[in-house]
S.K.: 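A single structure is presented below for examination.
In this text, all values refer to a predicted model and were calculated from it rather than measured experimentally. Counting begins at 1 with the first residue of the sequence.
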Amino acid sequence: MTRQEQEEIICLRDRGRTYAEIAGATGIPVSTLKSFFRRNIRKKRGIASCAGCRPLP
């Protein structure tokens with residue numbers, strides 16, 4: 001996924017679009033979008049693992 005695509009999907013999500021709507025508009029699979037947002041949110045929040053797991057070294 002290019003930087004431009006990332007910026008576009010973040011913008012669409014901030015406007016309240018669903019994963020399915022974003023996938024339809026960009027051609028990026030829903031599963032890829034979900035993974036991207038999951039990783040992106042963790043980076044912003046400084047979370048290295050899921051809540052039930054111990055932090056990664």
S.K.: Which residues pass the side chain to side chain contact (heavy atoms under 4.5 Å, CB included) test with Thr2, not counting sequence neighbours?
M.R.: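 Partners of Thr2 under the side chain to side chain contact (heavy atoms under 4.5 Å, CB included) test: Gln4, Glu5.
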
S.K.: Nearest 0.5 Å, what's the CE-CD1 distance between Met1 and Ile28?
M.R.: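 The distance works out to 4.5 Å.
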
S.K.: With sequence neighbours excluded, what pairs up with Phe36 under the ring pair (Phe, Tyr, Trp, His ring centres under 6.0 Å) test?
M.R.: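 None.
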
S.K.: Any salt bridge (Lys or Arg N to Asp or Glu O under 4.0 Å) pairs touching residues 8-26, not counting sequence neighbours?
M.R.: none

S.K.: Using every non-hydrogen atom in the two residues, find where Val30 and Ala23 come nearest and quote the distance to one decimal.
M.R.: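 For Val30 versus Ala23, the nearest heavy atoms are CG2-CB, 3.7 Å.
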
S.K.: Do Gln6 and Asn40 touch side chain to side chain, with heavy atoms closer than 4.5 Å?
M.R.: no

S.K.: Which distance, rounded to the nearest 0.5 Å, do you find between the CD1 of Ile9 and the OH of Tyr19?
M.R.: 9.5 Å

S.K.: Who are the salt bridge (Lys or Arg N to Asp or Glu O under 4.0 Å) partners of Arg3, not counting sequence neighbours?
M.R.: Glu7

